[in-house]
Structure formats: C-alpha cells, structure tokens
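Please read the structure below before turning to the comments.
All residue numbers in this chain count up from 1 along the given sequence. Just follow the structure's listing: the first ligand is 1, and inside any ligand the first atom is 1.
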Amino acid sequence: MADASHVMWGGRFREPMDPRLDRLNRSLPVDRRLWAEDLATNRAWVHALEGAGVLTAEERGTLLTGLEVVERVLADGAADDAGDEDIHSLVERLLGELIGALAGKLHTGRSRNDQVATDLRLWTLGALGRLDVTLAALGRALVAKAREGLDVLMPSYTHTQRAQPVRFAHWSLAHAWPLVRDRARVADAGRRTSVLPLGSGAIAGTGFAIDRAALAARLGFAAASPNSMDAVGDRDFAVEAVFVATLAAVHLSRLAEDLVLFSTAEFGFVVLGEPFTTGSSLMPQKRNPDSLELVRGKAAQLLGRLAGMLAALKAMPVGYQKDLQDNNAALFDALDGACAAADLMAGVVAGLTLQPGRMAAALDAASLATDLADLLVQAGRPFREAHGVVGALVRRGEELGVPIDRVPAGEAGAIDPGLPAVLARLGGAEAAVERRRTAGGTARAAVLAQLEAAAAAFSG
Ligand code: ARG
C-alpha cells in the first residue's frame with residue numbers, strides 16, 4: 001500500500017515513494033504498539049483545538065466519538081496488517097473513513113514530530129511504571145530468601161576466591177540493594193519524562209492559541225516543554241529509560257552469574273527450581289540454568305541498544321530527523337527485555353532451595369585468617385605485623401597439609417609466641433560473622449536491621 005504514505009503529505013509529489021524507501025521508512029510494525037498513547041494524544045488535541053477556537057463543540061463531539069470507534073478497531077488488531085506509514089497516519093486514515101472530511105481538521109497546528117515525541121513519553125512513563133513493579137517484586141523475593149537464609153553461613157568471595165564467612169542473607173541482600181537504587185533511578189527518569197512536547201508543531205511551535213499548560217494537565221504531564229526546537233528532537237528521556245533498564249539488567253546479570261556458579265555441582269550452594277531449568281537433548285543427566293543465561297544475555301543486548309541510541313543521537317542536528325525512528329524499537333525492546341528479565345529472576349529466586357550443608361562445608365579455616373590477625377591486633381600488635389604472622393601460619397599449614405587451626409601449637413608458637421593464645425580464642429565461622437557487628441556488617445543483628453530496611457524499601 002505504497003500510496004497510503006502519501007495521504008498525509010502527497011500534495012507536492014508527482015511520483016510515488018520507491019518501495020525501497022518505503023521498506024525502511026514504514027514504522028507501523030514497530031510503532032503500532034503506541035496506538036493507545038496516540039489516541040490519548042489525539043483526544044487531548046481535540047480539546048486543545050476547541051479551546052483555541054479551531055473546532056466547534058459539535059465538531060469536538062464528532063471527532064471524539066470517531067476516535068472512540070477507532071480505538072475499538074485498533075484494540076481488535078486493525079494495525080496488525082495495515083499498510084500505513086506509521087501509527088499516526090493509520091489513526092488519521094481510520095478516522096477519515098469513519099467521519100469524513102472533518103477528520104482533516106485534527107492535524108491542525110501539530111506535526112507528527114511533536115505527536116510521536118508525546119506518544120513516546122507517555123509510553124515510557126507506563127513502561128517505567130512496569131519496570132518499577134517488576135524490580136520491586138524481585139526485591140521482595142530476595143528479601144524473602146534473605147529471611148530464609150538469615151542463619152545460614154557461606155563463604156563470601158573476592159576475585160572468585162574464598163574470602164570471609166557471611167550470612168546467606170547478606171549475600172541475598174547484596175543483590176537487593178542495587179534494585180533499590182534502580183527504582184530510585186526509575187522514579188527520577190520518570191520526572192524528566194513527564195514533560196509535554198505536544199504544541200511544539202514540527203519545530204517552531206504551533207500557530208494556534210493552544211493552552212499548553214491545560215494540555216499537559218489533561219495528559220498527565222507535570223509541565224509543558226519550554227523550547228519547541230528542543231522538544232521535537234529530544235530523546236534524552238528515552239536514553240535515560242534505556243540506561244536505567246540496562247543498569248538494572250546488569251544487576252540482574254550479576255545475580256544470575258552468582259547463581260550459575262552457586263548451582264554448579266562444584267559449589268552446590270543452591271538448587272534451582274526445575275521450572276527454571278532445561279534439559280539437554282543429548283545428555284540425559286543435564287539440568288541447565290538457561291533462565292540465568294538468558295538474563296545475562298539480555299543485559300548484553302540492552303547495553304547494545306543503549307550504545308545504538310546514543311550513537312544515533314550524537315549525529316543529529318537540532319530538531320526532528322528520521323534517525324530517531326529506529327530508536328523507538330530500541331526503547332521498546334530494552335524496556336520489554338528488562339521487565340521480562342526481572343520478572344523471570346523473581347521466579348528463579350523464589351524457587352531457590354538453599355543447601356546450608358554445602359555452604360558450611362565450603363567454610364575452611366583459612367577464611368578466618370583475617371579474624372586471627374584482628375585478634376593479634378587486639379593483643380596489641382600492629383596490623384601489618386599481625387598480617388605477616390598469620391601469613392606465615394597459612395604457609396606453614398600448606399606445607400604441613402593442614403588447615404590453619406590445626407597447625408600444632410608448637411609450630412604456631414615457633415612462628416610467633418602470641419599465636420597459640422589467639423588460635424585458642426579464634427572460634428568458628430559463627431564467631432567470625434558475629435564479630436562484624438557494625439552497620440552493614442554480617443553479624444545477625446546488623447543483617448536483620450538491613451533486612452528490615454530492605455523489606456520496607458520494597459513494600460511500596
Ligand atoms: N514515524 C515517525 C517516527 O516515529 C513519526 C514522525 C514523522 N515525522 C516526520 N516528519 N516524518 O519518528
């Protein structure tokens with residue numbers, strides 16, 4: 001339907017559009033999902049035109065009734081196989097077929113440039129809301145797992161090497177706090193998205209007496225844009241939404257990465273719920289963490305989308321250019337992907353079975369080396385000296401093939417006369433976690449305090 005594209009601007013053209021241009025230019029398959037936003041924008045514009053004296057009350061009524069029918073037709077899938085250039089031209093055509101020439105008044109004083117920018121902002125506000133809901137649900141799942149694992153001890157890791165004992169709850173909440181920050185970023189991005197471009201025309205503003213403040217209020221925007229040239233080409237809000245989604249996806253990816261490791265036979269700290277794993281077509285024994293791998297993969301795709309959007313924008317002169325059109329697909333894809341990934345991770349986390357025995361078995365005495373040095377410090381030794389003494393004990397243990405707490409007292413005393421006494425007071429992993437009582441530490445009371453704070457952060 002190459003000629004449908006000419007409906008809106010065919011007057012000055014003699015020849016139809018080349019099908020090769022049409023193929024890249026036609027955005028309906030992507031932007032048809034903006035139909036609800038486009039109808040909202042159209043309705044608000046009808047009221048604005050009446051306010052500006054362009055439409056009579058009767059015309060306003062006819063247009064609004066017509067848009068209602070168009071809404072039903074679109075809800076029934078009219079956009080699915082239409083040949084129109086984009087959602088805006090489709091709505092205008094459908095309205096024209098319903099109510100005739102009056103439909104031609106609707107585009108008075110506006111452009112698809114301010115229209116698509118408005119639709120996209122409305123869509124983005126909705127998508128940010130959906131992202132917030134899914135991130136909060138994942139946060140609650142992590143908090144619930146933390147509660148379950150409050151008294152379960154495990155090694156923490158730096159450089160993927162065993163470091164110090166922590167509570168499983170501490171680990172779980174370490175993945176929850178980034179989501180608290182993500183949700184704050186979602187809210188912040190939403191504030192900057194809530195600015196109305198409509199009434200900017202193609203670039204220079206509208207030639208009709210539109211009350212833009214009333215228009216903004218009707219569409220639920222906090223304010224109207226202050227500069228029409230900026231408003232039609234500004235996609236900062238979309239980039240920000242994709243960045244926020246990408247950073248959230250990166251956080252999900254780190255959680256996924258931890259769980260891939262922890263669910264291996266080698267670690268065995270957790271067992272993934274069967275519904276979140278797949279089998280192998282060849283190896284009957286396999287149960288694979290595809291859910292986690294898909295989440296990691298999604299994060300990679302999102303950050304590619306973000307880079308693509310920024311690259312398109314950096315080359316753009318002020319105002320609207322068609323480069324922007326492909327950014328719409330990136331925006332939709334990124335927000336969809338982040339929501340789907342967060343949704344999936346909430347299920348994965350809820351479905352985890354903890355294996356406290358395997359975690360405890362991984363807590364070797366070496367993970368208490370820092371505690372031993374700290375005890376020497378309490379006995380009056382400078383930390384650097386204590387570090388060296390314990391290092392020598394670790395080396396001696398390795399030579400003897402025993403853990404540091406099994407090095408014979410005589411051997412330990414030969415390394416440093418202070419060692420046997422502090423070794424006797426070292427205790428196990430439980431003692432080590434309870435020594436870390438400061439806020440943010442891994443002692444039970446400290447973890448419980450952050451657990452309640454995280455629960456409150458995800459309750460709303
Ligand atoms: N389909 C276009 C987009 O999504 C709408 C704006 C078209 N404006 C124009 N001047 N051709 O970006």
Side-chain angles (χ1 to χ4, degrees), residues 1-13 16-42 44-45 74 78-80 82-95 106-127 193 196-207 225 228-239 241-242 305 308-336:
M1 195 172 169
D3 278 338
S5 60
H6 278 54
V7 170
M8 301 189 99
W9 40 262
R12 61 139 17 256
F13 285 78
M17 183 187 283
D18 188 285
R20 289 168 293 188
L21 171 57
D22 182 61
R23 195 167 71 199
L24 276 193
N25 186 50
R26 233 170 59 82
S27 60
L28 186 61
V30 171
D31 61 30
R32 66 184 184 200
R33 65 185 294 173
L34 290 174
W35 67 266
E37 287 78 12
D38 202 63
L39 281 165
T41 302
N42 272 307
W45 192 243
L74 285 170
D80 295 355
D84 303 76
E85 181 182 329
D86 58 22
I87 187 63
H88 324 292
S89 41
L90 171 63
V91 169
E92 197 171 322
R93 174 172 67 80
L94 292 174
L95 188 64
L106 182 55
H107 211 55
T108 309
R110 86 172 176 196
S111 154
R112 280 182 296 162
N113 298 354
D114 56 351
Q115 202 178 341
V116 70
T118 304
D119 292 359
L120 283 173
R121 282 177 184 264
L122 285 174
W123 187 88
T124 301
L125 285 168
T193 303
L196 173 84
L198 200 60
S200 296
I203 187 160
T206 184
S225 58
S228 63
M229 297 181 77
D230 173 37
V232 290
D234 170 18
R235 293 295 185 273
D236 290 6
F237 69 95
V239 171
V242 172
R305 288 301 208 177
M309 289 177 90
L310 287 166
L313 290 175
K314 78 161 264 305
M316 273 212 355
V318 73
Y320 177 89
Q321 334 284 331
K322 231 353 148 19
D323 315 38
L324 288 176
Q325 187 164 275
D326 269 349
N327 272 2
N328 301 353
L331 172 69
F332 298 152
D333 193 53
L335 271 294
D336 287 351

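Within the set Arg235, Glu85, Gln325, the minimum heavy-atom distance to atom 2 (C) of ligand 1 is found for Gln325.
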request  = Would you sort out whether Arg121 and Asp234 count as a salt bridge (charged side-chain N to carboxylate O under 4.0 Å, His left out), showing the intermediate values?
outcome  = CA-CA 10 Å; Arg121 282 177 184 264; Asp234 170 18; 2.9 Å; yes
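Looking at atom 6 (C) of ligand 1, its nearest protein heavy atom turns out to be Tyr320 OH, 3.5 Å. For atom 10 (N) of ligand 1, the closest non-hydrogen atom on the protein side is Asn113 OD1, 3.0 Å.
Taken from CG in Asp114 to OH in Tyr320, the straight-line distance is 12.0 Å, to the nearest 0.5 Å.
Close contacts between ligand 1 and Lys322 involve ligand atoms 11 (N) [criterion: under 4.0 Å to a heavy atom]. Residue contact check: Asp86 has heavy atoms under 4.0 Å from atoms 1 (N), 2 (C), 5 (C) of ligand 1. Below 4.0 Å from some heavy atom of Ser27 lie the following atoms of ligand 1, by number and element: 1 (N). Atoms of ligand 1 lying under 4.0 Å from at least one heavy atom of Asn328, given by number and element, are 4 (O).
Residue Arg110 is tested with Thr41, Asn42, Thr118, Thr206 for a side-chain hydrogen bond (donor to acceptor under 3.5 Å, both in side chains); the sole match is Asn42.
Between Arg23 and Asp18 there is no salt bridge, since no side-chain nitrogen of the basic residue lies less than 4.0 Å from a carboxylate oxygen of the acidic one.
Other residues, nucleotides and ligands place more than 12 heavy atoms under 6.0 Å from the CG atom of Asp336.
Look at Leu324 and you'll find every heavy atom at least 4.0 Å from all atoms of ligand 1.
Take Arg112 and apply the side chain to side chain contact (heavy atoms under 4.5 Å, CB included) test, not counting sequence neighbours, and it matches Met8, Trp9, Glu85, Asp86, His88, His107, Gln115.
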